[in-house]
Each structure stands twice: as C-alpha cells, then as structure tokens.
Number of protein chains: 2
Amino acid sequence: MLGLNQDAVINPAQRRRLVRALRAFLPEAAVLHTEETLKPYECDGLTVFRALPMLVVRPTTESDVCRVLAICAEIGVPVVARGAGTGLSGGATPIGNGVLMSLAALNRIIAIDPLARTATVEPGVTNLAISQAVASHRLYYAPDPSSQIACSIGGNVAENSGGVHCLKYGLTVHNVLKLRVAMMDGTLVELGSAGCDCAGYDLLALLHGSEGLLGVITEITVKLLPKPAEARVVMAAFDTISAAARAVARIIASGIVPAGLELMDHAATNAVEAFAHAGYPLDAQAILLCESDGASDEVDDEIECICAILADCGASTLRVSSGAEERLQLWAGRKAAFPAIGKLSPDYYCVDGTIPRRHVADVLQRIAALSQHFGLRCANVFHAGDGNLHPLIMFDAALSDEVERAEAFGNAILMLCLEVGGSITGEHGVGLEKLDAMCAQFESAELASFHALKHAFDPLGLLNPGKAVPLLHRCGEVAARQRQRRNPQHTNLPVF
Amino acid sequence: MLGLNQDAVINPAQRRRLVRALRAFLPEAAVLHTEETLKPYECDGLTVFRALPMLVVRPTTESDVCRVLAICAEIGVPVVARGAGTGLSGGATPIGNGVLMSLAALNRIIAIDPLARTATVEPGVTNLAISQAVASHRLYYAPDPSSQIACSIGGNVAENSGGVHCLKYGLTVHNVLKLRVAMMDGTLVELGSAGCDCAGYDLLALLHGSEGLLGVITEITVKLLPKPAEARVVMAAFDTISAAARAVARIIASGIVPAGLELMDHAATNAVEAFAHAGYPLDAQAILLCESDGASDEVDDEIECICAILADCGASTLRVSSGAEERLQLWAGRKAAFPAIGKLSPDYYCVDGTIPRRHVADVLQRIAALSQHFGLRCANVFHAGDGNLHPLIMFDAALSDEVERAEAFGNAILMLCLEVGGSITGEHGVGLEKLDAMCAQFESAELASFHALKHAFDPLGLLNPGKAVPLLHRCGEVAARQRQRRNPQHTNLPVF
C-alpha cells in the first residue's frame with residue numbers, strides 16, 4: 001500500500017556505531033538484528049503495513065530507554081516505540097532505517113496506593129494486569145479496550161484508548177494522573193501531579209494520543225476506581241435501527257450515564273449469534289446492550305428506568321441479566337463481534353470514526369447505502385453512547401479490487417463522519433492508516449500547529465516519523481487526487 | 001513588587017503605525033489610548049501588579065481579533081488578552097509597551113443545541129450567562145468559579161477554572177468540546193470536535209490553562225448538563241481538623257462523589273459567621289459542607305450515607321438542608337469567606353495550591369505553625385474533596401514588612417504543597433504571581449519543554465510575554481536567593 005516515510009538514510013558506518021554504542025550497556029539479547037528475530041516486530045495490529053526495522057532494542061529500565069534515545073538522537077536514527085503491538089492504525093509499524101524500541105520488558109508494577117487510589121506502573125504492563133494487581137483492594141482501572149488482556153498501558157496512553165465503559169468513566173486521558181516521559185534527546189520529564197490540577201501547560205493531556213511522536217512514556221500513574229458493587233445489563237431488540245437510535249438518545253436525555261451503551265445491527269447480530277450463542281434474537285434489525293453499575297439499589301433504579309425507556313421506544317425483546325453469568329453471556333456476543341466477522345469473511349476492515357449521537361440513525365442508513373454502492377458487506381458494532389462507530393467491512397484480500405473497494409468504502413465512512421461534525425478516529429488513532437483522512441479533517445493552519453508542536457518536542461523529527469500527522473505536501477496530493485476523481489466519468493459516486 | 005517583562009521596545013513611529021493600522025478598520029471607541037481610558041485596565045484581580053498598557057483594543061468580532069493580532073505580529077507589538085479581568089494571578093496584567101486586547105465585547109451566545117447539550121459562545125460571555133441562557137431547557141454549565149457572575153468563559157478556558165462543583169463535574173477542560181483560536185499571526189484554528197474524541201494532538205486540552213500564551217480564544221463550545229432534580233447540603237461541625245479530614249477521606253473512600261465537599265477552619269468559620277450568619281457553630285474547629293445532587297431518591301440515599309459517615313467520624317453538629325432556602329443559607333457562609341476576611345483585616349492574600357487528599361490534616365497543622373512563625377493570622381477555606389486549599393493570609397499592606405512576610409508565608413505554603421506531592425496552583429493559574437514557585441515545581445528539562453511549546457505557537461514571543469512560565473535564567477536567580485537564605489543566621493526558618 002502506501003510507502004513508509006524513510007527519509008533518514010543510515011549508512012553502514014552509522015549502523016555499526018549504533019550497535020557498538022547500544023551493546024556497550026545492553027545485554028546481547030536486548031539488541032536484535034537478524035531477520036528472524038526482527039520478523040515478529042514487522043507490524044502491529046494493522047497488518048497491511050509491514051516493514052523490517054534496522055534493529056529492535058528491548059530496554060528493561062527507564063534509564064536504558066533514555067540512553068537508547070540519546071544515542072539514536074546523536075547518530076540521527078529514527079525510533080519507533082512499541083508496546084504490545086495491538087494497535088490498529090499502524091502506529092508501531094517499524095521504519096526500515098530505524099530502531100524499533102520495544103517497551104514490553106518494562107513491565108513492573110512500581111507502587112499501589114489504595115488510599116489515594118493510584119497505581120504507578122511501567123509502560124509494558126498490560127491494561128488488565130493493573131486491575132488484577134489491585135483487585136485485592138477492591139479497586140480496578142476503568143478504561144477497557146477490547147484488547148485489554150494483551151494491550152499495554154503505555155500504548156493506551158499513546159493512543160488515548162477508550163473501550164466499552166468510556167462513556168461513564170472516560171478515555172485514558174481522564175484516568176491518568178502523572179507520566180514520566182523520555183524526550184528524544186534522552187532527558188526525562190515528569191508531567192501531571194497527584195493533585196487535581198497542575199501548573200504549566202497541560203502536557204499530560206498532550207501526550208495522550210500523541211502516538212509516539214512526542215516522547216517515550218516510561219512511567220504511568222493511573223487513577224483507580226472502587227469496583228462497583230453490582231453491574232447488570234439489559235439487552236433490547238428493535239425492528240428498526242432508527243427506533244434503537246431513538247432509545248439511545250432518550251436514555252442519555254434522561255440523565256442516566258450508562259456504564260456501557262452498545263448497538264449492533266442485523267448483520268453483526270447474526271454473525272455474532274452463530275459464533276457466540278449469546279441469545280440475541282436473529283430477526284432484530286438492531287440490538288442494544290445497556291449496562292448500569294454502582295450500588296445495588298441504584299442499579300435497580302437505573303435498570304428500571306432504562307427498561308421503561310426501551311419499551312417505550314418499541315423494543316420487541318427486553319432481557320435483563322439476573323446474575324453475573326447471564327451478564328457475561330449477554331456481553332459475550334458483543335465482545336466476539338470481531339472474530340465472528342472473521343469467520344464470515346476471509347478479511348475484514350474495522351473502521352473507527354466518531355459522530356455526534358443524534359446522527360446515529362442517518363449515518364447507519366447511509367453506511368447501508370455505501371455498502372450497496374461498493375458491493376461489500378458491512379456489519380456495524382457501535383459504542384452508541386459516545387457516538388463511536390466501528391463498521392466492519394468484509395472483503396477478500398485475494399481479490400485486489402476488493403482491497404481497494406474496502407479502502408474506498410472505509411474512507412467514505414470517515415468522510416461521512418466529518419460531514420455530520422464528527423472525527424475520523426474515535427479510539428484507534430491515525431498512525432499510518434488515516435494520514436489522508438487527516439487532510440480532510442484539518443485545515444492547513446491546524447496541521448501547521450501540529451507540526452510546530454512536533455518540532456518543539458522532537459526538532460530532529462526522529463520519533464515515529466511519517467505517522468499521525470500528514471505533511472502539508474501530502475495533503476496537497478490528496479486534494480489533487482480527489483479533484484481527479486470528481487471528473488465526469490465518475491458522477492455515480494456518492495458525494496460527501 | 002516584581003518588574004514586568006517588557007523586552008519589546010516600541011518606538012514612537014511603530015506606535016503611530018500601529019494606531020493607524022488599527023483605526024483603519026476599528027471604530028474610534030475600540031482603540032483606547034488616553035491615560036483615563038487605559039486606567040481601568042491597569043490590573044486584573046491581582047491588584048499588587050499594575051501597569052498601563054500602550055493601547056487597549058476592544059474588537060467586537062472574531063475576524064477583527066485576527067486582524068489585530070496580524071498587525072501586532074507584523075509590527076512586533078506584544079498582546080495581552082483580557083476577559084473580565086477577574087483573574088487572581090495577574091494573567092491579564094498589561095505590558096507597558098504592549099496592546100491589551102479586551103474580549104469583553106465578544107459576548108454573543110452563538111448557538112444552543114439542547115439535544116446535543118452544547119452551547120457555542122464568544123469568549124466575553126460570562127460563566128453565569130451561559131447557564132441563564134440555557135435554563136429554559138433545564139440545562140446548565142457545570143464549572144462554577146466563585147466569580148461566576150463576572151468572570152468570562154474565555155478567561156475560564158485560559159485559566160482552566162474550577163469551582164465548588166469541580167470534584168463531581170470536572171474542571172473547565174472537562175466541560176469544553178471545541179475551541180476556535182486565533183494564533184498570533186492572525187490565522188484561525190479549530191480544536192476539538194463535537195464527538196467524544198478527536199484526531200491529532202490534544203491541542204484542545206493544551207489551550208486550557210495556557211494563560212493567553214498560545215493563542216486568543218474566539219469561540220467556545222461547552223458541554224451542558226441537565227439540572228439535577230434535587231440538591232441538598234449537610235453541614236457538619238468537628239472538634240478537631242483531623243476528624244474533619246478523616247471524614248473527607250471516608251466519604252471519598254465510600255465511593256460517593258459529592259457535588260461539593262468544602263472545609264473551613266475555626267478562623268474562617270468565625271469570620272464568616274459574623275458576616276453572613278449562615279448558622280455555623282462558633283466553637284467548631286472545622287466545618288464541612290458536603291453536597292449531594294441528582295435524582296431525589298438518589299440524593300436521599302447519599303445524604304443518609306454521608307450523615308452516617310460524618311457521625312461516625314465524630315461530628316458534633318449535623319444539619320441537613322431541608323429546602324432550597326436553607327441550602328443557600330448554608331452555602332452563603334462559604335461563599336462569603338473572602339469578603340468576610342476582608343472585613344477582619346485591611347488586606348488578605350488568597351493562596352491557591354493543591355495537595356493529595358490524604359495530607360489535608362497535616363498540611364493544615366503545618367499552615368498553623370507557619371502562621372505563628374510569620375506572625376500573621378490565616379483562615380483556611382478548602383475545596384477538601386479535590387485537595388485544593390485556599391489559605392487566606394491576613395496582613396496590612398500599609399506596613400511594608402507585613403507585605404513581605406505575607407508573601408513569604410504564601411510561598412512557604414506552596415513549598416509545603418510541593419513537598420507532599422501537590423502543585424503550586426489549583427485553579428488560579430501562575431500568571432505573574434507564581435513564576436518563582438514554578439521554578440520549584442519544575443526541573444529545567446520540563447521548563448524547556450514548556451518554552452519549546454510556546455515557541456511552536458508563538459515564535460516571536462508576543463503573546464502575554466513574561467507570564468506563566470519562568471525563564472530558566474530567572475529560576476537560576478531564585479535558586480541563588482534560596483541558597484543565600486539558607487545561611488547560618490536564618491536557621492530558625494522552617495525547612496521545606
């Protein structure tokens with residue numbers, strides 16, 4: 001697909017100098033260079049982009065991270081930081097002439113303070129491991145991306161990850177108090193504080209979602225929450241998508257903030273049901289899952305109110321989980337959506353975009369029309385509560401025409417998100433995947449601000465180059481391509 | 001006190017050129033230059049710093065803001081943006097050779113969307129005016145700094161303002177979805193989106209609390225919340241501060257997030273009671289005000305639980321508001337704290353710092369010791385729930401020795417905040433007031449990041465120069481002064 005930004009040309013002498021400098025303080029096993037040892041790092045979760053890095057470095061301490069960066073800065077070698085490699089937008093795709101720095105071995109839980117409700121951890125700790133480590137205090141870490149068993153907390157910060165529960169508990173940025181960050185020149189900075197606010201520019205928020213372009217995160221202090229005493233989920237089936245969308249709007253308008261509010265369309269429901277047997281009605285055009293958590297009687301009240309709204313909006317089936325097991329069963333379907341689609345189609349492409357909630361119904365209708373237009377099936381799962389949609393476009397990569405059509409379909413969905421006032425990414429980041437879509441979302445003045453900011457943190461442009469923020473030059477090319485496409489022989493294309 | 005940063009030297013020819021360029025598109029009344037018209041702008045709420053600006057400009061439209069900036073950038077004139085001038089840290093103090101740009105006339109409410117629960121407003125709209133404009137939809141804007149009748153929403157963004165309710169509803173940054181910002185060169189950028197997340201670096205968060213150093217905010221889209229059906233407050237009196245602090249910890253640990261959780265010490269209670277007759281017991285060593293809001297039975301449950309905890313922690317008096325009037329009466333004391341102290345003492349200095357909640361009791365004890373050491377009375381009001389303290393140091397400015405002692409006392413409190421892991425400001429910002437304290441909170445690497453960031457947005461350094469982030473050079477001088485103070489004849493000073 002697209003070529004990677006490999007501006008930095010590293011000559012053999014520089015490479016030798018680099019290896020010598022790294023080997024001077026790192027054990028042999030921490031500096032990988034043979035093809036077979038590099039291979040596992042050639043891509044992240046966006047597998048269409050692959051490249052072998054020049055070297056993989058696996059530091060085990062913060063000070064080693066700083067030393068690696070300082071050496072790379074001196075020699076002028078690009079560095080791509082990688083957590084667990086579960087990202088879906090190519091943020092951790094290596095660069096051929098660069099170092100891939102794996103932070104997986106920085107995986108210590110440094111401190112747990114149950115009174116202040118914080119945990120301080122290294123970036124390679126998995127999201128779930130934090131909750132496990134603090135479970136004995138009846139606490140947990142709230143953001144729960146679907147990859148939470150595998151994904152690292154450092155990666156969560158870099159991508160500002162969300163999850164099913166972010167409607168109530170916020171994104172990663174709302175659950176982190178403090179970061180330690182190594183700059184490209186090897187200096188360390190500490191951002192944020194244990195208090196509710198901090199002096200100085202809000203660099204803590206800025207680092208969230210910066211996709212490894214500003215610094216390498218070496219330590220994270222997260223907020224912990226008390227485990228809710230009770231959690232129950234309602235499953236509601238609807239005959240039309242618009243009735244389900246109306247129910248979403250009504251629930252939010254009632255003042256309830258559900259712990260999760262998910263929508264699946266007919267295609268997703270059927271794919272999932274065959275795979276996970278969650279008990280969803282197969283004839284429904286839309287399924288809503290709405291969870292309430294908190295104190296037991298609070299949950300009772302909320303569930304009652306939610307059910308009344310759902311019934312009033314015309315739900316044909318209503319099922320409330322009566323115990324932990326049934327709750328997990330009802331969620332199992334939603335959680336299995338991606339593998340279920342994987343069984344239906346040789347390949348699928350998960351689109352990630354955000355729209356204002358009021359556009360849920362019309363956007364889903366227009367996605368259905370696009371599906372017909374592009375001749376590709378599409379199943380929709382949707383964090384409906386916060387307007388974060390995940391259409392799953394099914395295609396067969398063996399047919400090269402389908403890859404192109406899937407890409408065009410995905411891009412059309414993102415343009416639709418922008419048209420209704422949303423954003424081209426909800427929680428998966430820009431990475432390599434959405435550089436062109438960034439050109440559509442931002443004016444050149446905004447992109448110029450992004451570049452100036454990048455320059456402030458990384459004047460040599462060595463941190464994860466070519467990702468997240470497109471060059472103005474590239475946006476010019478994208479615009480030219482679009483003008484070309486709008487020529488007469490293509491007037492049957494949907495216009496955005 | 002401290003001299004202002006007035007590096008930019010503007011010669012008379014430049015000044016004439018500036019006035020000519022501004023008059024070309026602005027009405028006469030929008031360009032003020034005589035001493036009597038400049039005088040009202042000589043300071044903000046931090047009245048110890050005063051300076052007459054070279055000119056005051058009062059644009060009425062976004063495009064005029066951009067034109068003013070572009071002209072100033074071209075001629076090289078510094079610009080200080082000002083909202084309502086209620087800031088407490090000197091962020092809007094003018095610069096003698098600079099333009100003060102008042103945004104008070106940009107005061108239109110542009111759009112209200114009750115379904116999406118957003119309002120789009122100009123920066124000069126007051127905080128309270130937003131809630132008033134949306135009241136008919138039963139919505140409101142949650143952050144409520146005590147100056148909310150007067151302070152402007154643009155200033156709230158620039159300072160990332162908090163308020164009594166920020167424990168539950170967050171700071172300004174958590175309640176803003178989108179900004180339009182004019183850069184120093186006059187270009188406009190749009191940050192954030194109507195969705196739950198946005199692509200690109202989080203410049204939206206970055207602008208919050210940036211104190212007018214990065215750009216001039218021209219439009220703000222805020223989140224609105226449904227007005228809670230019910231709000232009740234509990235007033236509890238305690239014989240010791242540490243018992244009250246324990247109650248704060250216990251309430252938070254119970255999982256309740258009160259709408260407000262305020263603490264006042266004996267001195268504050270007595271000052272306030274004489275002034276506002278709120279009904280606080282005069283013999284109490286500490287008063288807690290704890291508010292619950294939400295659905296009526298939810299509030300009942302929470303209040304019951306809060307009262308049980310307060311009683312268990314040894315509250316000697318417990319009073320729950322039984323109606324709206326009693327609720328306002330109980331809050332009236334807290335809200336009158338500043339003017340009440342103003343009646344007790346010719347002058348007072350409101351310190352603003354943040355500490356982790358668990359240090360509430362010991363920090364208040366050490367503030368009492370400092371009060372004795374410096375020979376100055378101090379009353380404490382405290383956003384206890386989020387650890388944001390506001391000691392009110394009483395002094396008489398007519399006695400120059402007292403001004404110095406008050407400053408030293410205030411500074412000692414900030415150093416204490418840092419010692420326990422807090423921050424030198426909670427919600428009032430750094431401005432001119434806390435430049436020295438910034439040197440204590442941040443390492444030079446962190447300050448260098450701040451400066452690099454500033455350079456990325458404002459390479460000529462013309463936006464609000466000399467505020468918020470100290471020069472490294474200044475921090476060197478501060479360190480030298482501190483070393484000097486630590487010489488033998490001063491060993492009786494408390495060490496931080």
Side-chain angles (χ1 to χ4, degrees), chain A residues 115-116 160 162 166 171 173-174 183 187-191 193-203 205-206 208-210 214 226 249 255 295 297-298 301 354-358 386-388 421-427 430 434 438 441-443 445-446 449-450 452-453 455-457 468-469, chain B residues 115-116 160 162 166 171 173-174 183 187-191 193-203 205-206 208-210 214 226 249 253 255 295 297-298 301 354-358 386-388 421-427 430 434 438 441-443 445-446 449-450 452-453 455-457 469:
Chain A
L115 207 67
N160 193 18
C166 78
L171 302 167
V173 67
H174 305 116
M183 301 282 105
T187 56
L188 258 182
V189 295
E190 202 169 301
L191 310 175
S193 88
C196 80
D197 195 9
C198 188
Y201 300 120
D202 193 352
L203 302 190
L206 185 65
H208 283 81
S210 63
L214 303 184
D297 46 350
E298 215 179 297
D301 288 356
T354 318
I355 58 173
R357 264 189 306 256
R358 69 177 177 283
D386 37 40
N388 185 193
S423 171
I424 56 147
T425 169
E427 52 184 9
V430 173
K434 291 186 176 166
M438 286 289 282
Q441 178 153 0
F442 294 102
E443 303 288 332
E446 288 142 359
S449 292
F450 290 159
L453 186 86
H455 186 79
F457 279 78
V469 183
Chain B
L115 205 68
N160 194 17
C166 79
L171 302 168
V173 68
H174 305 116
M183 301 283 103
T187 55
L188 258 181
V189 295
E190 200 168 303
L191 310 174
S193 89
C196 82
D197 195 8
C198 188
Y201 300 120
D202 193 353
L203 302 190
L206 185 65
H208 283 82
S210 62
L214 303 184
D297 47 348
E298 216 179 296
D301 288 358
T354 318
I355 59 172
R357 264 189 307 258
R358 68 178 178 285
D386 37 39
N388 184 194
S423 171
I424 55 145
T425 168
E427 51 184 8
V430 173
K434 291 185 177 168
M438 285 289 283
Q441 178 153 358
F442 293 101
E443 304 289 333
E446 287 142 359
S449 293
F450 290 158
L453 186 84
H455 186 78
F457 279 78
V469 182

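Just so it is clear: chains get the letters A, B, ... in the order the sequence lines come, proteins before strands, and each one is counted from 1.
- Residue contact with chain A, scored on non-hydrogen atoms closer than 4.5 Å, is absent for B:Glu443.
- Contacts between B:Leu214 and chain A at a heavy-atom distance below 4.5 Å involve the side chain alone, from C-beta outward.
- Residues satisfying the side chain to side chain contact (heavy atoms under 4.5 Å, CB included) test with B:Ala253, not counting sequence neighbours, are A:Arg117.
- Most heavy-atom pairs under 4.5 Å with chain B, from the set A:Ser449, A:Ala116, A:Gly200: that is A:Gly200.
- The CG atom of A:Asn388 lies 12.5 Å from the CZ atom of A:Arg357; values are rounded to the nearest 0.5 Å.
- For A:Ser210, the parts lying under 4.5 angstrom from a heavy atom of chain B are both the backbone and the side chain.
- For a residue to count as touching a neighbouring chain, one of its non-hydrogen atoms must lie under 4.5 Å from one of that chain's; by this rule B:Leu453 touches chain A with backbone and side chain alike.
- A:Glu190 meets the salt bridge (charged side-chain N to carboxylate O under 4.0 Å, His left out) test with A:Lys178, A:Arg180; sequence neighbours excluded.
- Between chain B and the options A:Leu203, A:Val430, A:Thr187, heavy-atom pairs under 4.5 Å are most frequent for A:Leu203.
- Using a 4.5 Å cut-off between heavy atoms, A:Ala445 touches chain B through backbone and side chain atoms alike.
- Without hydrogens or angle criteria, A:Asn160 side chain to A:Val173 main chain gives a donor-acceptor distance under 3.5 Å.
- Here the closest heavy-atom approach between residue B:Gln441 and residue B:Gly422 is recorded as NE2-O, 4.1 Å.
- In this structure, B:Lys434 contributes its side chain and B:Thr425 its backbone to no donor-acceptor pair below 3.5 Å.
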